[in-house]
Amino acid sequence: MVELEKRYARAIRDGKRVKYIYVITDFQNPTGICWSLEKRKALLAFAYAHNLLVVEDAPYREIRFLGETLPSIYQLDQQTEARGIVVNLKTFSKILVPGARVGWVMACPEIIGKLVIAKQAMDLCTNVFSQMWLAEYLKTGKIYDLIGKTCDNYREKRNFMVEMLEKYMPKRFDLSWTRPEGGLFLWISLPPYIDTDKMVPKALAEKVAYVIGSAFYFDQPEHNSMRLNFSYASHEQIEEGIRRLAKVIEAEIAAHESGPRGQTSAEDF
Ligand SMILES: Cc1ncc(COP(=O)(O)O)c(C=O)c1O
């Protein structure tokens, strides 16, 4: 919230007009982090105070495999007198099939009206055939079963990946990872001198790949992080992948520590 307040104040100072705040509250892509109830309430209070809309992107919300579901900011807004400032975005991509290319929006009628016009200007209409078969499928109620199975599957894979990280990664105060309660991803933070953009070719040489953390910043990227996906690979692939990745990271740390600057110093932070 402190960072949001700072950025908002800077934007206003620079003469910009802030229209809305975009957030991913449940199992964010890329970190897998889920917002606390306090943070959700604080953001909503901030939006009311500054007369801003909130766009809450929630593609992973149903994929919770641990812990308790918290109210979305959309739900919190709906419980107030002032309701109507949150737009909630949903998709079938993560709970059914990405190829359906169908999602939905929850918002007040005025905003939905504007979105319909914007959508018509863009592509006239979402694929009608996809909408028809989806509607038929949803009537069967089978999606609830599928979401349950997906959560069971991802929970197992997430737990296994975390276990393999604990087994293979160097044990250091400056190397850590998130332990998501849902979604598809976790986020690794590495010692500050490791540049994961530059490390990609070394990882590929070991036939292991990751998504560079810097790709997820709008501005001022940090370069010592990466996103890993646990939903797709088999247990065998996860173990082998993490083992290879740990080897590449260990080599980076060893090269730094034997280099001219030697051990990590306070300047690295
Ligand atoms: C945060 C976030 N929003 C939206 C999407 C897009 O979903 P869709 O497949 O419906 O375009 C993704 C997909 O990865 C995502 O991570």
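Position 1 is the first residue of the sequence, and the numbers go up from there. Ligands are counted one by one from 1 in listed order, and the atoms in each one are counted from 1 as well. Values below: every heavy atom of this structure, side chains too, minus hydrogens, waters and symmetry copies.
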Identity and distance of the protein heavy atom lying nearest atom 3 (N) of ligand 1:
D57 OD2, 2.6 Å
I want to check something: taking the side chain as every heavy atom from C-beta on, are L228 and M226 in contact at a cut-off of under 4.5 Å?
yes
Can you classify the ring geometry of W187 versus Y217 as parallel (below 30°), tilted (30 to 60°) or perpendicular (above 60°)?
tilted
Between K171 and E166, is the closest basic N to carboxylate O distance under 4.0 Å?
no
For ligand 1, the portion of K94 having any non-hydrogen atom under 4.0 Å away:
side chain
Closer than 3.5 angstrom, by distance alone: can the side chain of T196 be matched with the main-chain N or O of S225 as a donor-acceptor pair?
yes
Checking the side chain of Y60 only, and the main-chain atoms of T25 only, is there a donor and an acceptor separated by less than 3.5 Å?
no
Atoms of ligand 1 under 4.0 Å from any heavy atom of R101, numbered from 1 in the order shown, are 8 (P), 9 (O), 11 (O)
Does P59 have a heavy atom less than 4.0 Å from any atom of ligand 1?
yes
At under 4.0 Å between heavy atoms, is it the side chain or the backbone of Y60 that contacts ligand 1, or both, or neither?
side chain
Is there at least one pair of N or O atoms, one from Y22 and one from ligand 1, spaced under 3.5 Å apart?
no
Within 4.0 Å of some non-hydrogen atom of T91, the atoms of ligand 1 are 8 (P), 10 (O)
Ring centroid separation F160 to F230 under 6.0 Å
no
Does some non-hydrogen atom of the protein lie less than 4.0 angstrom from atom 1 (C) of ligand 1?
yes
Using modelled atom types only, decide if a donor and an acceptor are shared between the side chain of R172 and the backbone of D174 within a distance under 3.5 Å.
no
Considering non-hydrogen atoms of the protein only, which is the closest contact for atom 8 (P) of ligand 1, and what is the distance?
S93 OG, 3.4 Å
Element-labelled atoms of ligand 1 that are located less than 4.0 Å from some non-hydrogen atom of I24:
1 (C)
